[in-house]
Student: 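Sharing a structure with you now.
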Amino acid sequence: MKYSAEIIGLISFAAIFGGGVLIGRFFARRLPGHHLSSETQSVVTVSVAVIGTLSALVLGLMITAANSSFSARADEVRELSLQLIRMERNLRRYGPEADDARAKLHEWATAKTQQLFPEKGQQSPSSETTIAILESVQDAILALTPKDERQKYLRTLCVNLSSTLIQARWSLEQRRGHSIPVPFLVLLIFWLSIVFASFGLFAPANPTAVVALFLCAAAVSGGIVLIEELDNPLSGFIHVPPDSMRKALVEITR
């Protein structure tokens with residue numbers, strides 16, 4: 001089951017603040033005084049420092065994985081737009097015989113742009129629809145009958161480019177899942193809950209301390225939300241820039 005970044009953020013906040021800080025405050029009121037001595041606090045501080053270091057390492061791995069995922073998808077969208085322009089230009093050079101293939105290519109480019117970057121309130125085409133249109137483009141190119149060496153070369157080039165477009169399309173589809181392993185995320189939240197429980201255990205019982213811990217837990221949970229958004233850049237707040245595909249769509253309709 002897949003959860004949105006916002007749901008993951010709320011779960012993180014509930015675990016870190018509710019399961020960490022509040023539980024720490026609960027035990028701070030229930031434990032005998034000698035359990036909260038300065039010597040105990042020193043031991044807890046050293047132990048939590050180890051967990052904090054591990055949390056920082058896991059968080060660094062998550063940021064690296066999410067950034068790599070975002071960069072890879074952005075590069076694939078740019079490559080898709082580049083191959084689209086190249087293919088349309090070569091079909092135009094082929095001559096009027098390729099007008100049917102060009103029309104289908106325009107149809108696919110419009111549908112693919114709507115699928116990747118849907119407008120608010122509009123239903124985006126399904127993945128099956130876009131691949132069917134793209135395969136019809138390739139069929140139209142294969143149906144061309146070259147009259148000379150020049151058209152033969154352009155036809156071969158367009159067939160290769162259509163195969164590249166199909167490959168790029170499948171590559172984008174394969175990357176729609178999350179690259180961050182779920183155990184990493186669960187372990188990170190668990191460790192952060194322990195860290196914040198130690199904060200709640202020894203924090204003074206006043207509103208200022210509670211508010212400070214609340215804001216800190218919210219900031220950490222917000223960071224996890226941003227990482228999840230970065231890991232899935234085809235939906236949500238952080239999105240792969242649509243400029244390359246939209247510029248390509250404008251270029252091929254001239």
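For this chain, numbers begin at 1 and follow the sequence in order.
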Student: Identify the two heavy atoms, one from Trp191 and one from Val58, that lie closest to each other, and give their separation to 0.1 Å.
Tutor: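 The pair with the smallest heavy-atom distance is CZ3-CG2, 3.4 Å.
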Student: Answer whether the closest heavy-atom distance between the side chains of Leu188 and Ser55 falls below 4.5 Å.
Tutor: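 A side-chain contact exists here, since the closest heavy-atom pair is under 4.5 Å.
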Student: Please find the pair of heavy atoms, one from Pro125 and one from Ala111, that lie closest to each other, and give the distance.
Tutor: CG-O, 3.5 Å
Student: Measure the shortest side-chain to side-chain distance between Ile224 and Ile189 over non-hydrogen atoms and say whether it is less than 4.5 angstrom.
Tutor: yes
Student: So, the side chain of Ser136 versus the backbone of Ile133: is there a donor-acceptor pair under 3.5 Å, distance only?
Tutor: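 Here the side-chain-to-backbone pair exists.
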Student: Testing the basics here: between Gln115 and Ser126, what is the closest heavy-atom pair and its distance to 0.1 Å?
Tutor: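 Minimum heavy-atom contact is NE2-C, 4.2 Å.
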Student: Could you check whether atom CD of Gln167 has more than 12 heavy atoms from other residues, nucleotides or ligands sitting under 6.0 Å from it?
Tutor: no
Student: What about Tyr94 and Val159, same hydrophobic cluster or not, with Ile/Leu/Val/Met/Phe/Trp/Tyr joined at side-chain heavy-atom distances under 4.5 Å?
Tutor: yes
Student: So Leu54 and Leu187, side chain to side chain contact (heavy atoms under 4.5 Å, CB included) or not? Walk me through it.
Tutor: CA-CA 10 Å; Leu54 291 174; Leu187 199 59; over 6 Å; no
Student: Assigning hydrophobic clusters by single linkage (Ile, Leu, Val, Met, Phe, Trp, Tyr; side-chain heavy-atom cutoff under 4.5 Å), is Ile51 placed with Ile23?
Tutor: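 Ile51 clusters together with Ile23.
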Student: Can a side-chain donor-acceptor contact be found between Thr45 and Ser42 if the only test is distance below 3.5 angstrom?
Tutor: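 The criterion, which ignores hydrogens and geometry beyond distance, is not satisfied for Thr45 and Ser42.
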Student: Is any NZ, NE, NH1 or NH2 atom of the basic residue among Glu251 and Lys247 found under 4.0 Å from an Asp or Glu carboxylate oxygen of the other?
Tutor: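 No, no charged N to carboxylate O under 4.0 Å.
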Student: Mind checking whether Phe13 and Phe214 have parallel, tilted or perpendicular rings, split at 30° and 60°?
Tutor: perpendicular
Student: Restricting to non-hydrogen atoms, name the atom on Ala209 and the atom on Ala203 that form the minimum distance, rounded to 0.1 Å.
Tutor: CB-CB, 4.4 Å
Student: So do Glu135 and Ile131 actually touch side chain to side chain, heavy atoms under 4.5 Å?
Tutor: yes
Student: Can you tell which of Arg102, Lys104, Glu97 makes a side-chain contact (heavy atoms from CB on, under 4.5 Å) with Asp100?
Tutor: Lys104
Student: May I ask you to test the Asp75-Arg78 pair for a side-chain heavy-atom distance under 4.5 Å?
Tutor: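 Yes, at least one pair of side-chain atoms sits under 4.5 Å.
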Student: Which value, rounded to the nearest 0.5 Å, describes the distance between Glu107 atom CD and Thr130 atom OG1?
Tutor: 11.0 Å
Student: Has His106 got a side-chain atom pairing as donor or acceptor with Thr253's backbone, closer than 3.5 angstrom?
Tutor: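 No: the side chain of His106 does not pair with the backbone of Thr253.
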Student: Backbone N or O of Ile227 within a donor-acceptor pair of the Asp231 side chain at under 3.5 Å?
Tutor: no
Student: Are Val195 and Phe184 connected, step by step, through hydrophobic side chains (Ile, Leu, Val, Met, Phe, Trp, Tyr) whose heavy atoms are closer than 4.5 Å?
Tutor: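 As far as the 4.5 Å side-chain criterion goes, Phe184 and Val195 are connected within one cluster.
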Student: For Leu82 and Glu79, what are the C-alpha separation, side-chain angles and deciding distance, and is it a side chain to side chain contact (heavy atoms under 4.5 Å, CB included)?
Tutor: CA-CA 5 Å; Leu82 175 62; Glu79 181 65 20; 4.1 Å; yes
Student: Would you say CZ of Arg89 has more than 12 non-hydrogen atoms from neighbouring residues, nucleotides or ligands within 6.0 angstrom?
Tutor: no
Student: To the closest 0.5 Å, what do you measure between CG (Leu226) and CD1 (Ile63)?
Tutor: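 Leu226 CG to Ile63 CD1: 10.0 Å, rounded to 0.5 Å.
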Student: Check the hydrophobic clustering (I, L, V, M, F, W, Y; side-chain heavy atoms under 4.5 Å; chains of links allowed) and say if Ile8 and Ile16 are grouped together.
Tutor: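 Same hydrophobic cluster.
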Student: Is the shortest heavy-atom distance from the side chain of Met87 to the side chain of Val137 under 4.5 Å?
Tutor: yes
Student: Nearest 0.5 Å please: distance from the CG atom of Leu165 over to the CG atom of Leu105.
Tutor: 7.0 Å
Student: Going from CD1 on Ile141 to OG on Ser162, what distance comes out if it is rounded to the nearest 0.5 angstrom?
Tutor: 4.5 Å
Student: Please find the pair of heavy atoms, one from Pro241 and one from Phe70, that lie closest to each other, and give the distance.
Tutor: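 Heavy atoms of Pro241 and Phe70 come nearest at CD-CZ, 4.4 Å.
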Student: Could you go through Arg86 and Thr164, starting from their C-alpha distance and side-chain angles, then the distance that decides it, and tell me whether this counts as side chain to side chain contact (heavy atoms under 4.5 Å, CB included)?
Tutor: CA-CA 11 Å; Arg86 290 184 59 198; Thr164 302; over 6 Å; no
Student: Rounded to the nearest 0.5 Å, what separation is found between the CG atom of Leu134 and the OG1 atom of Thr129?
Tutor: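 Here the interatomic distance stands at 12.5 Å.
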Student: Check for a donor-acceptor pair, side chain of Arg93 on one end and backbone N or O of Arg150 on the other, with a separation under 3.5 Å.
Tutor: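 No, the answer is negative, given that no donor and acceptor are paired below the 3.5 Å cut-off.
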Student: In this structure, would Met62 and Val186 fall into the same cluster of hydrophobic residues linked by side-chain contacts under 4.5 Å?
Tutor: no
Student: Evaluate Lys152 against Arg155 for side chain to side chain contact (heavy atoms under 4.5 Å, CB included), listing each step before the verdict.
Tutor: CA-CA 5 Å; Lys152 183 178 180 181; Arg155 177 183 178 277; 5.8 Å; no
Student: Taking atom SG of Cys158 and atom CD of Gln151, what is their separation to the nearest 0.5 Å?
Tutor: 11.0 Å
Student: Could you give me the CA-CA distance, side-chain angles and deciding distance for Thr110 and Thr113, then say whether side-chain hydrogen bond (donor to acceptor under 3.5 Å, both in side chains) is met?
Tutor: CA-CA 5 Å; Thr110 302; Thr113 303; over 6 Å; no
Student: More than 12 heavy atoms of other residues, nucleotides or ligands under 6.0 Å from CZ of Phe202: is that the case?
Tutor: yes
Student: Within the structure provided, determine whether Leu84 and Trp108 are in side-chain contact (heavy-atom separation under 4.5 Å).
Tutor: yes
